[in-house]
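Throughout, a chain's letter reflects where its sequence line sits, starting with A, and its residues are numbered from 1.
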Number of protein chains: 2
Amino acid sequence: MTQTSSCNSTPLVSLDSLRANCASCSLHQLCLPMGLDETDMQRLDQIIGRRRRIAKDEILYRMDDPFNMLYAIRFGHFKTYQVNANGERQITGFQMAGELLGMDAISTERHQCDAMALEDSEVCEIPFRQLEDLFGHIPNLLRHFHRIMSQEITREQNVMLLLGNMRAEQKFAAFLVNLASRYQTRGYSSTTFQLRMSREEIGNYLGLTIESISRLISKFKKGGWLRVSNREVEILAPERLKAIAAGTATCS
Amino acid sequence: MTQTSSCNSTPLVSLDSLRANCASCSLHQLCLPMGLDETDMQRLDQIIGRRRRIAKDEILYRMDDPFNMLYAIRFGHFKTYQVNANGERQITGFQMAGELLGMDAISTERHQCDAMALEDSEVCEIPFRQLEDLFGHIPNLLRHFHRIMSQEITREQNVMLLLGNMRAEQKFAAFLVNLASRYQTRGYSSTTFQLRMSREEIGNYLGLTIESISRLISKFKKGGWLRVSNREVEILAPERLKAIAAGTATCS
DNA sequence: CGCGCAATTGACTGCCCTCAAAAAGCGTGG
DNA sequence: CCACGCTTTTTGAGGGCAGTCAATTGCGCG
């Protein structure tokens with residue numbers, strides 16, 4: 001919290017360390033600079049404003065906030081959610097390191113949802129105007145940006161499939177399988193990980209109640225597919241979970 | 001069907017009329033060329049391959065098809081749907097004139113869903129490779145393309161809200177209100193229009209059964225908010241429907 | 001007119017929600 | 001260390017919304 005320097009005291013950290021440096025970031029194979037050579041990566045670094053820490057439960061941006069930045073998650077987890085006329089919320093996604101936040105705001109120049117940190121997190125601020133200027137000079141960057149937006153469209157289509165078509169146990173299995181695969185991509189265990197979100201948040205995301213989630217966990221435990229203690233999860237039968245998620249098997 | 005000319009016979013129509021011409025298209029204020037000046041629009045015209053007719057129930061592209069083109073709908077309606085491991089379908093959207101199809105394929109270079117014409121329709125083929133080349137020369141085109149992709153992300157988030165959070169009557173009201181507003185944008189009546197999709201397709205899209213849709217129509221009719229005869233719809237109480245969609249009123 | 005398909009309506013079922021209470025974590029302070 | 005209060009999670013009982021199944025009606029078309 002005291003890492004920023006005031007005007008007349010010795011800086012506790014160098015200013016450079018607050019600036020982004022894609023080349024040295026462990027996520028550059030996953031994040032926006034994917035596939036760029038060293039010089040292009042440096043040009044991208046030059047426009048990336050600063051790293052910003054977001055404490056647990058803090059809000060990165062709110063619906064209707066004017067849009068200036070995209071945010072690349074360096075570490076930590078976020079949730080994005082929409083709020084309807086009644087103040088009810090629907091979580092539209094959980095985001096983790098290497099993923100980009102804010103793309104839904106490009107169209108209207110205002111954010112279309114809230115983004116909240118699920119734990120203490122850090123993001124790189126990417127000024128979108130300057131990023132657009134770079135697109136003209138780095139075709140590879142533009143191409144990868146399109147892939148990222150397209151991927152987000154596909155991700156949301158999969159959630160629509162989940163919400164519209166699946167029964168409760170299938171939804172929950174699909175949720176776990178999805179998390180597992182994303183942790184694997186990031187070099188973490190795909191069978192043992194911590195849930196960063198509460199039961200309530202899982203339920204909201206999946207269109208279920210907290211009680212249903214709790215009952216599903218108990219059912220999966222009894223079935224022997226899963227071990228859960230608080231937010232610590234161990235997947236004991238990944239293939240079985242995948243089959244349940246695909247709808248080719250049930251719990252019974 | 002016989003509009004294309006063979007090599008040694010007199011063309012039935014000129015080749016030019018098969019080529020796109022954004023400037024003379026009534027949708028250019030809505031579609032990809034939005035905001036371009038005349039010269040830029042001509043450059044866009046030059047890369048747009050041809051217009052292609054798609055008959056009712058015909059498939060424009062299938063999941064896993066290699067991606068080469070985006071498609072701009074000139075007239076007609078489409079549905080896009082995903083197919084899961086069991087062959088069950090989830091309709092992810094209904095698209096109409098001026099909207100762009102195929103953006104979900106950019107990421108993997110393969111289409112992620114099927115697109116089927118709901119009626120006899122026509123699309124402009126937009127070769128994506130060549131469109132990318134144009135982006136470097138027409139910044140306004142690139143900027144608008146990003147707005148379109150972002151809009152698609154927002155649209156899907158709204159469907160997630162609908163599928164995850166709403167009760168049946170709210171879903172159906174939201175569906176009607178959405179259609180009405182899109183027809184209004186296109187200069188058609190927002191209160192009287194034809195449903196291009198069957199009850200079954202509406203139900204699939206909304207995560208409901210065909211019987212539920214039928215009951216909802218009856219309920220809305222009895223309430224006096226709606227007049228329906230086959231696929232002909234007249235919205236009698238738009239404000240009431242909006243209130244139901246927003247969740248600030250119910251049918252009872 | 002008769003056929004086939006789509007839509008409507010009714011009766012019943014079941015999945016998941018709601019309500020309620022108990023149990024388990026977790027931080028705070030004695 | 002335990003007691004305490006607060007929040008989160010678990011578990012149970014019961015109800016309701018939407019699904020399932022089945023029969024009927026309506027519509028387009030040869």
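In this entry the distance linking CG of A/L226 with P of D/dT10 reads 11 Å, nearest Å. For A/K219 and D/dT10, the NZ to C1' distance is 16 Å, given to the nearest whole Å. Spacing between atom CD of A/E200 and atom P of D/dT9 amounts to 8 Å, rounded to whole angstrom units. Look at CG on B/N204: it is 12 Å from P on D/dG19, rounded to the nearest Å. Rounded to an integer number of Å, the gap from CD1 of B/I210 to C1' of D/dA22 is 14 Å. The nearest whole Å value for the distance from the CZ atom in A/R199 to the P atom in D/dT7 is 18 Å.
No contact: B/G203 has no heavy atom under 4.0 Å from any strand. Residue A/L208 is classed as a sugar-phosphate contact, given heavy-atom separations below 4.0 Å to backbone atoms only.
In the set D/dA18, D/dG28, D/dT11, D/dT11 carries the atom at the smallest distance from any side-chain atom of A/R215. Across D/dC21, D/dA18, D/dC27, the shortest atom-to-atom separation from the side chain of B/N230 is found for D/dC27.
Taking the 5' to 3' direction, DNA chain C first and last meets chain B under 4.0 angstrom from a heavy atom at C/dA7 to C/dA11.
Looking at A/D114 and A/Y81, their side chains come closer than 4.5 Å, going by heavy atoms from C-beta outward.
There is a side-chain donor-acceptor pair under 3.5 Å between B/Q95 and B/T80. Between B/E234 and B/T191, the side chains place no donor N or O within less than 3.5 Å of an acceptor N or O (distance only, hydrogens not considered).
The shortest non-hydrogen separation linking B/M63 to B/V83 is SD-O, 4.4 Å.
Applying a 4.0 Å cut-off to non-hydrogen atoms, the residues of residues 163-176 of chain B that approach DNA chain D are B/R167, B/A168, listed by residue number.
Both B/E211 and A/S212 lie close to DNA chain C; mapped to their nearest nucleotides by heavy-atom distance, the more 5′-ward contact belongs to B/E211. Along DNA chain C, the nucleotide closest to A/S229 and the one closest to B/S218 are compared, and the more 5′ of them pairs with B/S218.
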Exercise. Going through the checks in order, is the side chain to side chain donor-acceptor pair (under 3.5 Å) test met by A/T250 and A/E169?
Worked result: CA-CA 8 Å; A/T250 58; A/E169 67 181 39; 4.6 Å; no
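Side chain of B/D104 to main chain of A/I153: no donor-acceptor pair is present (N/O by atom type, distance under 3.5 Å, no hydrogens or angles).
Contact annotation: B/T209 does not reach the phosphate of D/dA18 (side-chain N/O to OP1 or OP2, under 4.0 Å).
Under a 4.0 Å N-O distance rule, the pair A/E99/A/R182 qualifies as a salt bridge. Taking a cutoff of 4.0 Å between a charged side-chain nitrogen and a carboxylate oxygen, A/R52 and A/E122 do not qualify as a salt bridge. Between A/K56 and A/E119 there is no salt bridge, since no side-chain nitrogen of the basic residue lies less than 4.0 Å from a carboxylate oxygen of the acidic one.
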